[in-house]
*Asks:* 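Sharing a structure below in structure tokens format, with a few things to ask.
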Amino acid sequence: MKVIEINGLTRDYGKGQGVFELSFTIEQGEVFGFLGPNGAGKTTAIRHLMGFLKPQIGKCTIEGFDCWKDSARIQKDLGYIPGEMAFFDGMTGMEFLNFTAKYRNLKDKKLMKDLINRFDLNPNGKLKKMSKGMKQKIGIVAAFMHDPNVLILDEPTSGLDPLMQNRFIDLINEEKKKSKTILMSSHMFEEVERTCHRVSIIKNGRLATIDSVDALKTAQIRKYIITFEDKLAAENFSKENIDIINISENHVTITVQNNIKEIISLMNKYPVTNISAPNLSLEEIFMKYYGGKDND
Amino acid sequence: MINMELYKHTFKEIWKMLLIFATILTMYFIIIIYMFDPKLGAVLDEFTKALPEVMAMFGMVVSSTTLLGFLSTYLYGFLMLVFPMIFTIIVANRLIARHVDRGSMTYLLAAPVNRKTVAFTQMKVLATGIFLLVLYTMLIGIIASELSFPAELEIGKFVLLNIGVLSLHFFIGGISFLSSCIFNDTKKSVAFGAGIPALAYIIQMLANAGEKAENLKYITFFTLFNANELIAGKTTAIYQIVILFLAAIVLFVLGIIVFDRKDLHI
């Protein structure tokens, strides 16, 4: 069953900003990764799903309801983590959660307490004084505490430390088992790799690609920075048959895809002093794999 | 149509401000009522004769020899216009525009509560606040008068005067609320929500002061609240406050519709 449906959605802000003819569907029980560089239109698409914006052209539905007209109905069964946490003045975390529960007419607070414990959250401080990570945890609890069937998560782990990121991934995987439908935007490869069934990338407001995470994994590209003893060695090395991204002084940046053995044997011939593997962002991997030229 | 939890929350937010304004007005009411003296009133009337423009600018024209005339002149010509107006403007801006500007509106709409309910609930808080402030000051006025000058105040007319001032402030609230619903950032919401009533008030002051500027009274809504004619029991003055009240409802409804239909970049 299709749970989230975006059909020909267009919102033109001018100057190439906005979303254009965006269409995709997410099935019941599917975890869908939503990726793209900043300003690509992810948040604009999410705002339409949340009923904050009215589509200029096209339509969005969730569980068969129109996102603009029936937004309040949809929200009964939806959990949302906004890209930016903005709470009310002067409340403590606990006051905010209690307010949200009552505002939603949620009576059973067991899940709220479980989530607070799961994320080692002390919700008794003033929201204003909380760190970004703490606020993010409050946002997570608020999004999951009414046990919604649909989740829309805009960079849900931003500000969380690695331990908490892991706990969040566990939470998503539990929800996945309960056949929840989840749309998650993210910048973290690991997070998406460990949770999502399918991943889409949106660029300049258009859908660049949708693929399964498995396809993405087999195509995984890594980036290495190799340091040589001198500039000459670096230059000679770069003449070999390899994918070079950049050469500066005695550092060479290369990309490797399934041919790591070759590279190792090549490196043996040169005076290599150091090798490091910086993290490639998910977008980089994606854009490399699908041959999209970075023209930002 | 109304979300009680939000109503309680917002009311708690404005409660302190309501208290502050109520305290300031209590102080003025007590001092000014205490100052009433039919003889002093006669002296002040002399003042009015000597400096009619200056006194008129602040709405002080009625004869001050009766307690009602005195209160109408010295409390309902300036203080009861300006203080509740400031209260209304600050509160109205907080109701919608501030939540949109800061992004906290996200949490109000990411819940099974539709926009009309959110806006209507917030509007109710404003209306309650204005009502309580006017009701409270009216009671203070009556109590202080009865304590200092028993049976001197014509209570019926005084209540009518307060209904008039209530309608006026509902109308100002309507302007500020509509502005809060239209604009997405606090600066613009305040610029219009405070700017229009303030400008209207200044025009009113000018219109009161000078013969040449008298025609200005036709372009400011403050003219519709005519304290003197109201306590004199003139029907046109009563129609005028009915107009203010109905116009206030129109503005509130308009605000709710605008907020319900607009795009929110939150």
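The chains referred to below are lettered A, B, ... by the order of the sequence lines, with proteins before strands, and numbering in each begins at 1. Only heavy atoms go into these numbers, but all of them, side chains included; no hydrogens, no water, no symmetry mates.
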*Asks:* Please state whether the side chain, the backbone, both or neither of B:Lys262 comes within less than 4.5 Å of a heavy atom of chain A.
*Replies:*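 For B:Lys262, backbone heavy atoms alone lie under 4.5 Å from chain A.
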*Asks:* Could you tell me which portion of B:Asp260 (side chain, backbone, both or neither) has an atom closer than 4.5 angstrom to a non-hydrogen atom of chain A?
*Replies:*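 Answer is backbone: N, CA, C or O of B:Asp260 sit under 4.5 Å from chain A.
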*Asks:* Strictly by modelled atom types, are B:Asn3 and B:Thr117 linked by a side-chain donor-acceptor pair under 3.5 Å?
*Replies:*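 No, because no side-chain N or O of B:Asn3 sits under 3.5 Å from a partner of the opposite role on B:Thr117.
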*Asks:* Checking A:Ala143 against chain B: side chain, backbone, both or neither under 4.5 Å from a heavy atom?
*Replies:*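 For A:Ala143, neither part sits under 4.5 Å from chain B.
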*Asks:* Using side chain to side chain donor-acceptor pair (under 3.5 Å), reason through B:Gln122 and B:Thr10 one step at a time and then give a plain yes or no.
*Replies:* CA-CA 7 Å; B:Gln122 298 290 70; B:Thr10 311; 2.6 Å; yes
*Asks:* Under a 4.5 Å heavy-atom cut-off, does chain A meet the side chain of B:Val100, its backbone, both or neither?
*Replies:* neither
*Asks:* Based on non-hydrogen pairs under 4.5 Å, which of A:Arg73, A:Met50, A:Lys76, A:Lys102 is most in contact with chain B?
*Replies:*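 The option with the most such pairs is A:Lys102.
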*Asks:* With distance as the sole test, does A:Arg104 use its side chain to make a donor-acceptor pair with the main-chain N or O of A:Gln75 at under 3.5 Å?
*Replies:*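 The answer is yes, because a donor-acceptor pair under 3.5 Å joins these two groups.
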*Asks:* Checking heavy atoms, do the side chain of A:Leu53, its backbone, both or neither come under 4.5 Å from chain B?
*Replies:*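 Contact with chain B is through both the backbone and side chain of A:Leu53.
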*Asks:* Taking everything shown except A:Glu84 itself, do over 12 heavy atoms lie less than 6.0 Å from its CD?
*Replies:* no
*Asks:* Measuring heavy-atom distances to chain A, does B:His99 have an atom under 4.5 Å in its side chain, in its backbone, in both, or in neither?
*Replies:*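 Looking at B:His99, just its side chain touches chain A.
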*Asks:* I'd like to know which of B:Met4, B:Met105, B:Glu13, B:Arg261 tops the heavy-atom pair count under 4.5 Å against chain A.
*Replies:* B:Arg261
*Asks:* Around atom CZ of A:Phe168, are there more than 12 heavy atoms of other residues, nucleotides or ligands at under 6.0 Å?
*Replies:* yes
*Asks:* More than 12 non-hydrogen atoms from neighbouring residues, nucleotides or ligands closer than 6.0 Å to OH on B:Tyr28, yes or no?
*Replies:* no
